[in-house]
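Atoms considered below: every heavy atom in the structure, side chains included; atoms not considered: hydrogens, waters and symmetry mates. Throughout, a chain's letter reflects where its sequence line sits, starting with A, and its residues are numbered from 1.
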There are 2 protein chains.
Amino acid sequence: MAKTLGLRKNPLKDERETAFKRAALRVFSSKGYHKATMQEIALEAGFGKGTLYWYWKSKEELYFALIREMHEEFLRLVGEASKRNGSALDKLTWLGEEIVELYYRDRDFCKLSWKMRAEELETFSPQYVEELYKYIQQTKQELKRIISQGIEEGVFPPFDAYYLSCMLLGLVEGMEIQWLEDSQAFDLRKGMGLALEMLKSFQKLGMNKIV
Amino acid sequence: MAKTLGLRKNPLKDERETAFKRAALRVFSSKGYHKATMQEIALEAGFGKGTLYWYWKSKEELYFALIREMHEEFLRLVGEASKRNGSALDKLTWLGEEIVELYYRDRDFCKLSWKMRAEELETFSPQYVEELYKYIQQTKQELKRIISQGIEEGVFPPFDAYYLSCMLLGLVEGMEIQWLEDSQAFDLRKGMGLALEMLKSFQKLGMNKIV
DNA sequence: AGCTTTAGACCTACCGGTCAGTCTTATATT
DNA sequence: AATATAAGACTGACCGGTAGGTCTAAAGCT
């Protein structure tokens, strides 16, 4: 009875799964969803196509397994930043550095994330789209919390916190795009550094005094 | 060979071309390049598939006809802003309003532009990609010119003008994304207005004094 | 033996692009 | 005006390639 209590029957299963996921990440991020083929992903992982279908039941499911992981990671970062002690500026500095760290650690990860946003949401099944939407909403919510604190502390002007969140997110995403398109011309670390430096100046000037 | 009996030029050619292009814009912008089919575009325009191939020799060529038009329009706007008389703030205000105007006038246009950026450039023929790249470079160049002026006038801190261009572009694109994903939650006109208001405050504060 | 895992041939649907043929219309001729 | 003619405009069946997904036989493990 106690034979396989709570244990995986196949200890290789996890290993295989991550092997497939790594391969999928590489292929999806370089070719995009439509151009990537299941055949190629399977071969990249060193298996046959049939095996890939033994682990995931469709291309879409495999894709969203990656997307989900990514959004969880990002949401975790923003949430952690929000829960930290310290000023909004401290939180944002920490968050900015963590994001840069995350992106440099896995550029494919970042590339896929970016393609996903533009990828035709119309083409995916509703339940996946909805799930994704929830992640984005939550992320914005956490960010908004930090921004609100920042308004009180004079880092941001006293504008609508939601709009400021969108603008800040836009800034980060915009820089991300530049970096992905040509990392020679635009260094994300430097860009993020400049943005944070600007924020520090804003606090010195006291942005909350702005009408 | 007989001279020119029954010679017939097509007075409807322009009309047809624009009909096809409008249809293509609708289909491409809602489904993305890969999911869109030539059949659907042709039917949407009210013709058979073969006719579409009478006007364009491939799907890719049709797609880039749209992309080209779009980039020309955007580049024209930025160039015109740069050549205007007045302060950098004036130029940016004018440009911001024109961009909002352009986007509201044709949301599909905007949607396609956004999808294009993320679309797998690896999948298109090199000559098209190169052409596109030139448009983007030129646009950045013009924008940088305005930013440089802005630094002198105290609208921006004395940072690297190229990086500031990327950040400003990122801001606009980021807001554009928010708006496209949910125009109920995020009003682009309001977002752009807030951004411009912030710029005005920056000038009052004298951003060039920032270390 | 019996269960899990793997492989890749096979099936099927789809889509870009072609082409042989039809319809339409401007112009020349009568 | 009526007719003839040639080229332009248009069509949709068809072809070839491709790729998601299935099936099943073989191999491995307990």
Closer than 4.0 Å, any side-chain N/O of Y55(A) to the OP1 or OP2 of dT6(C)?
yes

When you measure from the side chain of E60(A) to the backbone N and O of S125(A), does any donor-acceptor pair fall under 3.5 Å?
yes

Ignoring the backbone of W54(A), work out which of dG21(D), dT6(C), dG17(C) is nearest its side chain.
dT6(C)

Measure from CD1 on I41(B) to C1' on dG12(D) and round the result to the nearest Å.
17 Å

Count the heavy atoms of every other residue, nucleotide or ligand shown that sit under 6.0 Å from CD of E130(A), and state whether that count exceeds 12.
no

Atom CD of Q39(B) and atom C1' of dA13(D) are separated, to the nearest Å, by 11 Å

According to the ring-ring contact (aromatic ring centres under 6.0 Å, His included) rule, which pairs have a member within residues 81-119 of chain A, sequence neighbours left out?
Y104(A)-W179(A), W114(A)-W114(B)

Would you say E98(B)'s side chain and L77(B)'s backbone share a donor-acceptor pair under 3.5 angstrom?
no

Between F20(B) (CZ) and dC10(D) (C1'), how many Å, whole number?
9 Å

Using whole Å, what does the distance between atom P of nucleotide dA19(D) and atom CG of L43(A) come to?
13 Å

Is R22(B) atom CZ crowded by more than 12 heavy atoms from other residues, nucleotides or ligands, each under 6.0 Å away?
no

Is the backbone of K144(A) close enough, under 3.5 Å, to the side chain of S148(A) for a donor and an acceptor to pair up by distance?
yes

From the options dT22(D), dT18(C), dT5(C), select the nucleotide whose nearest atom is closest to the side chain of R16(A).
dT5(C)

Quick one: does K57(B) reach the base of dG17(C) with a side-chain donor-acceptor pair under 3.5 Å?
no

With a 4.0 Å cut-off on heavy atoms, is K59(B) in touch with a base, just the backbone sugar-phosphate, or nothing at all?
sugar-phosphate

Within the 4.0 Å heavy-atom criterion, would you say A36(A) contacts the bases, only the backbone, or no part of the nucleic acid?
sugar-phosphate

Write down the distance between CZ (F47(B)) and C1' (dG8(D)), rounded to a whole number of angstrom.
14 Å

To the nearest Å, how far apart are E40(B) CD and dG16(C) P?
10 Å

To the nearest Å, give me how far apart NE2 (H34(B)) and P (dT18(D)) are.
15 Å

So, Y162(A) side chain and F186(B) main chain: donor-acceptor pair closer than 3.5 Å or not?
no

Looking for any heavy atom pair under 4.0 Å, which part of the strands does T51(B) touch: base, sugar-phosphate only, or nothing?
base

Over how many whole Å does the gap from K49(B) atom NZ to dC15(C) atom C1' extend?
6 Å

Short of 4.0 Å, heavy atom to strand atom, which residues of residues 61-70 of chain B count as contacting DNA chain C?
none

